[in-house]
Amino acid sequence: QKEVEQDPGPLSVPEGAIVSLNCTYSNSAFQYFMWYRQYSRKGPELLMYTYSSGNKEDGRFTAQVDKSSKYISLFIRDSQPSDSATYLCAMSDGSSASKIIFGSGTRLSIRP
Amino acid sequence: NAGVTQTPKFRILKIGQSMTLQCTQDMNHNYMYWYRQDPGMGLKLIYYSVGAGITDKGEVPNGYNVSRSTTEDFPLRLELAAPSQTSVYFCASTDSGRAENIQYFGAGTRLSVL
């Protein structure tokens with residue numbers, strides 16, 4: 001079993017739709033949860049991070065962490081074509097040389 | 001503000017050739033990392049460094065070597081290139097004082113071994 005599981009997609013939705021991206025994980029020691037966005041032929045860039053359980057909102061983006069279910073989500077409201085990218089979840093236990101475990105990424109396409 | 005810079009952007013190697021992928025960061029970060037990204041496989045950690053003179057293996061170190069002589073630079077060496085090393089390579093860095101472990105990535109090096 002992989003430590004972090006993420007549906008690879010691709011996911012295609014119309015502009016303006018609400019998008020839900022999800023990851024599950026197996027290591028209960030993970031404390032820091034991140035979402036990275038990667039545009040085609042670019043490096044990943046941090047979109048949001050959350051510590052422990054709960055919600056965090058930043059503009060049209062909301063990150064949710066449910067540690068009891070070992071499940072994290074990223075919601076995108078009013079999706080735009082510019083949101084088309086691959087989204088990678090990532091997590092860390094906060095120790096061990098700041099190593100991060102990444103999901104495989106979900107490719108998202110927003111249709112105009 | 002350059003951040004993490006990787007060179008070259010693209011490279012084609014023949015089987016058995018060697019090359020060095022360059023990575024430099026200007027954020028004075030202690031921690032640096034090398035990942036490879038294969039289609040549908042996410043990012044796999046090759047090597048990492050917690051400071052100048054200190055390196056350690058990640059998940060997939062075979063066929064690679066690294067060195068860290070300065071805080072800024074973390075080159076990745078491929079010896080005897082094999083087709084299995086065809087991938088996109090990313091270098092990243094983070095400030096060791098930040099508990100949230102936010103890593104900053106370069107734009108990547110696309111390598112093909114033929």
Side-chain angles (χ1 to χ4, degrees), chain A residues 1-11 21 23-25 27 29-52 54 56 58 63 65 72 85-108, chain B residues 1-7 9-10 21 23 25 27 29-51 54-61 66 68 74 88-110:
Chain A
Q1 181 189 8
K2 290 183 180 178
E3 273 194 289
V4 179
E5 299 272 7
Q6 184 174 7
D7 187 336
L11 182 62
L21 304 169
C23 287
T24 59
Y25 63 95
N27 188 346
F30 288 146
Q31 296 284 348
Y32 297 91
F33 302 91
M34 289 146 278
W35 287 95
Y36 281 80
R37 179 174 60 194
Q38 185 177 20
Y39 290 114
S40 181
R41 296 183 176 269
K42 301 288 186 183
E45 57 179 350
L46 182 71
L47 187 61
M48 295 188 72
Y49 84 91
T50 313
Y51 172 69
S52 194
K56 186 171 184 178
D58 184 2
V65 175
I72 70 171
T86 296
Y87 290 79
L88 300 114
C89 64
M91 40 202 84
S92 166
D93 63 7
S95 65
S96 188
S98 298
K99 287 190 283 184
I100 293 176
I101 307 299
F102 286 87
S104 56
T106 298
R107 193 150 52 114
L108 173 66
Chain B
N1 188 5
V4 179
T5 302
Q6 291 183 238
T7 56
K9 287 185 168 46
F10 307 94
L21 283 67
C23 175
Q25 52 91 9
M27 297 174 282
H29 286 170
N30 284 326
Y31 289 10
M32 295 187 74
Y33 310 83
W34 274 107
Y35 295 91
R36 59 177 288 172
Q37 186 177 38
D38 301 312
M41 298 297 291
L43 291 157
K44 302 287 187 185
L45 183 64
I46 305 171
Y47 270 95
Y48 66 98
S49 170
V50 302
I54 306 170
T55 62
D56 207 347
K57 296 177 181 178
E59 186 181 356
V60 290
V66 294
R68 184 95 181 271
F74 190 40
V88 182
Y89 292 84
F90 289 101
C91 178
S93 70
T94 190
D95 179 351
S96 59
R98 301 185 63 156
E100 56 265 37
N101 305 338
I102 297 169
Q103 294 189 10
Y104 299 87
F105 285 80
T109 294
R110 291 182 172 271

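Chain A is the first sequence line, chain B the second, and so forth, proteins listed ahead of strands; every chain is numbered from 1.
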Could you walk me through whether B:D38 and B:R36 satisfy the salt bridge (charged side-chain N to carboxylate O under 4.0 Å, His left out) test, starting with their C-alpha distance in whole Å, then the side-chain angles of each, then the deciding distance to 0.1 Å, before giving a yes or no? CA-CA 7 Å; B:D38 301 312; B:R36 59 177 288 172; 3.1 Å; yes
I'd like to know which of A:S104, A:G43, A:P44 tops the heavy-atom pair count under 4.5 Å against chain B. A:P44
Between B:Y47 and B:E59, is any side-chain donor less than 3.5 angstrom from a side-chain acceptor? no
Could you name each residue pair satisfying salt bridge (charged side-chain N to carboxylate O under 4.0 Å, His left out) that touches residues 36-50 of chain A, not counting sequence neighbours? A:R37-A:E45
4.5 Å side-chain heavy-atom contact, B:W34 and B:V60: no
Among residues at least two apart in sequence or on other chains, which ones pass side chain to side chain donor-acceptor pair (under 3.5 Å) with A:Q6? A:T106
Check whether B:Q37 gets within reach of chain A through its side chain, its backbone, both or neither, counting any heavy atom under 4.5 Å. side chain
Does any heavy atom of chain A fall under 4.5 Å from the side chain of B:F10, the backbone, both, or neither of them? side chain
Non-hydrogen atoms of chain B under 4.5 Å away: do they reach the side chain of A:Q38, the backbone, both or neither? side chain
Of the backbone (N, CA, C, O) and the side chain (C-beta and beyond), which part of A:F33 lies under 4.5 Å from a heavy atom of chain B, both, or neither? neither
